[in-house]
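The structure appears below as structure tokens.
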There are 2 protein chains.
Amino acid sequence: MNLTISGLRLGGMIGAAPFKPIAPETAGMPLYRAVKRALMQAIEDGRLAPGAAMPSEARLAANFGVSIGTLRQAVGELVAEHIVVRRQGRGTFVARHSAERFLFQFFHVERGDGRREAPTVELLGFERGRLDDEVAEALGRRPGDAAWLFDNRLMLQGRPVAHDRIALPVALFRGLSEKRLHDRPGTLYRLYQDEFAITVVRALERARAIAVDRATARVLGVPPGAPVLQLRRIALSFGDKPVEYRVSTVHTAVHDYVQTLVRPG
Amino acid sequence: MNLTISGLRLGGMIGAAPFKPIAPETAGMPLYRAVKRALMQAIEDGRLAPGAAMPSEARLAANFGVSIGTLRQAVGELVAEHIVVRRQGRGTFVARHSAERFLFQFFHVERGDGRREAPTVELLGFERGRLDDEVAEALGRRPGDAAWLFDNRLMLQGRPVAHDRIALPVALFRGLSEKRLHDRPGTLYRLYQDEFAITVVRALERARAIAVDRATARVLGVPPGAPVLQLRRIALSFGDKPVEYRVSTVHTAVHDYVQTLVRPG
DNA sequence: CCCAATTTGTTCGTATGTATA
DNA sequence: TTATACATACGAACAAATTGG
């Protein structure tokens with residue numbers, strides 16, 4: 001992957017410069033923050049693709065003209081935010097939206113006994129529609145903007161546990177289709193990442209208890225009016241840019257909604 | 001605070017040694033982890049009291065015989081876990097359970113518009129009883145062990161939003177009384193910390209939607225059978241030792257239950 | 001108001017250990 | 001085995017915030 005000529009490593013010299021110099025608007029910001037920004041920008045722009053190995057820390061430090069300690073501080077924050085992954089002896093990689101990441105960062109439902117497993121997903125409906133006021137507001141768009149609207153049913157151990165209604169701005173997801181959605185090999189967020197260059201980095205989630213409506217009750221196989229958990233999620237990309245709005249209805253008789261734990265060490 | 005004799009700093013030499021030497025069972029563990037352990041042990045034992053200033057980083061490094069960088073790595077993890085707080089120019093302090101900490105780390109209810117405020121608390125009942133099987137299991141105790149059982153009602157803007165049923169093992173909270181509970185000046189966890197030397201460092205929380213029972217409905221001012229959020233929380237101290245079990249019933253018509261966000265930077 | 005002392009925050013550089021290919 | 005990568009540990013210097021004189 002790294003071109004060498006008679007032992008002389010090139011790297012940044014080949015083709016377009018892989019990293020922009022530290023931006024001027026980073027004045028007053030600690031150097032490691034500026035470096036972090038530059039790295040995030042590179043990921044956002046696609047100069048560093050998901051799954052790709054980043055240049056080594058030594059190389060990056062030289063590239064930015066900072067010490068290795070400063071560079072590690074920048075990368076350390078990216079690791080804490082699950083944007084990159086470090087593997088000793090191998091390298092540092094731009095995080096991909098794998099099934100594991102979905103399970104631990106974005107799927108907050110688990111069995112009453114605390115066991116976790118990946119749900120199977122079933123696409124129930126897909127259409128092109130418009131954003132209503134509330135969703136448009138949440139996504140930072142105008143009411144009436146074109147949107148993809150679709151439904152998933154999530155099953156665990158063969159039982160329906162959740163119904164997701166998802167809204168995506170067409171402006172961000174041009175060319176999405178029911179077929180592409182249905183045929184995707186990995187998680188939904190992996191599809192966003194691979195096909196639309198949109199990386200979900202975190203999500204805001206609010207929960208409340210409601211009486212389930214008739215249509216959702218049928219999907220979940222519960223009596224109409226039963227108490228269910230309703231989650232409203234805004235998925236955010238870099239710079240906290242909202243990219244997805246989702247309403248999940250969760251049947252919490254057998255499963256629970258769990259807080260994600262902050263567990264250093 | 002620091003005794004000096006003709007410019008020679010003493011510190012650890014005066015009185016009881018403030019920190020134990022690196023324990024032998026830390027073999028194979030990185031040095032900074034061993035240092036972190038020793039610091040946590042000092043907090044746990046009360047040699048470093050909540051709110052107290054720790055010795056400066058330079059002094060601690062000398063005390064442990066490690067470099068300042070290694071010491072900072074240890075303290076950095078304690079900061080990430082909210083066990084200590086660093087303040088530039090002032091020092092590093094053992095974190096206390098203030099109203100702010102409660103609000104941001106342990107109180108996950110906020111208004112629909114996203115605004116957060118501290119609830120007012122009302123003690124509804126207090127008795128000495130026994131742990132049932134489920135709670136005993138969660139607290140790592142034997143069924144039938146003596147326990148304090150009490151109820152709080154939480155209000156926001158004058159409206160009831162939550163009802164908490166709390167169970168504490170008497171073995172850990174000897175001498176608790178309704179009066180001490182009622183007269184406490186700060187948060188509940190502050191009381192645990194100041195009066196019983198028990199520091200809650202994190203909590204596991206599971207949520208489900210249920211139909212509210214008659215008694216709780218009265219407390220919350222909602223119709224019996226209305227859908228409400230039920231939270232079961234196990235509060236943990238150092239070494240993930242469970243110290244409190246709590247069942248909260250939350251009225252989520254006006255307020256939401258929110259995920260705590262992991263927000264570096 | 002300014003100065004000096006103290007403390008954490010940032011940045012640098014080097015050396016060595018450990019995991020991976 | 002060798003080379004490469006990240007992980008740990010050391011130490012030094014200066015910046016920035018705070019406190020007290």
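The sequence lines fix the lettering, A, B, ..., with proteins before strands; numbering per chain opens at 1.
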query = Quick one: salt bridge (charged side-chain N to carboxylate O under 4.0 Å, His left out) partners of A/R180, sequence neighbours excluded?
reply = A/E195
query = Between B/Y189 and B/H97, what is the ring plane arrangement, given parallel below 30°, perpendicular above 60°, and tilted in between?
reply = perpendicular
query = Atom CZ of A/F64 and atom P of C/dT11: how far apart are they, to the nearest Å?
reply = 14 Å
key: Protein-nucleotide distance (A/E57, atom CD; C/dA15, atom P), rounded to Å   = 18 Å
query = How close or far is atom P of C/dT8 from atom CD of B/Q73, stated in whole angstroms?
reply = 17 Å
query = Which is true for B/G91 with a 4.0 Å heavy-atom rule: it touches a base, it touches only sugar-phosphate, or it touches nothing?
reply = sugar-phosphate
task = To the nearest Å, give me how far apart CG (A/L71) and P (D/dA7) are.
result = 12 Å
task = Would you give a per-nucleotide map of nucleotides 13-21 of chain D, 5' to 3', where B means the base has a protein non-hydrogen atom under 4.0 Å away, S means only the sugar-phosphate does, and - means neither?
result = ---BBBS--
ask   = Among all residues two or more places apart in sequence or in another chain, which pass the side chain to side chain contact (heavy atoms under 4.5 Å, CB included) test with B/E110?
value = A/R206, B/R116, B/V258
query = Out of D/dC6, C/dC12, D/dA9, which nucleotide sits closest to the side chain of A/V66?
reply = C/dC12
task = Sorted by first residue and then second, give each side chain to side chain donor-acceptor pair (under 3.5 Å) pair with at least one member in residues 84-94 of chain A; sequence neighbours left out.
result = A/E57-A/R86
key: Rounded distance (Å) that lies between atom P of C/dT10 and atom NZ of A/K36   = 12 Å
remark   = Sequence neighbours excluded, the answer for salt bridge (charged side-chain N to carboxylate O under 4.0 Å, His left out) partners of A/D183 is A/K179
key: Residue whose nearest DNA chain C nucleotide is more 5′ - A/S67 or B/M54   = B/M54
query = Please give, in whole Å, the distance from C/dT16 P to B/L31 CG?
reply = 17 Å
inquiry  = Output the rounded distance in Å from CZ (A/R86) to C1' (C/dT20).
reply    = 16 Å
inquiry  = Using the side chain to side chain contact (heavy atoms under 4.5 Å, CB included) criterion, which residues pair with A/R37? Sequence neighbours excluded.
reply    = A/E25, A/T26, A/M29
ask   = Reckon B/T70 has a side-chain N or O less than 4.0 Å from the OP1 or OP2 of D/dC10?
value = yes
query = Are B/E205 and B/Y257 linked by a side-chain donor-acceptor pair shorter than 3.5 Å?
reply = yes
remark   = Rounded to whole Å, CZ of B/R72 lies from P of C/dT7 at a distance of 14 Å
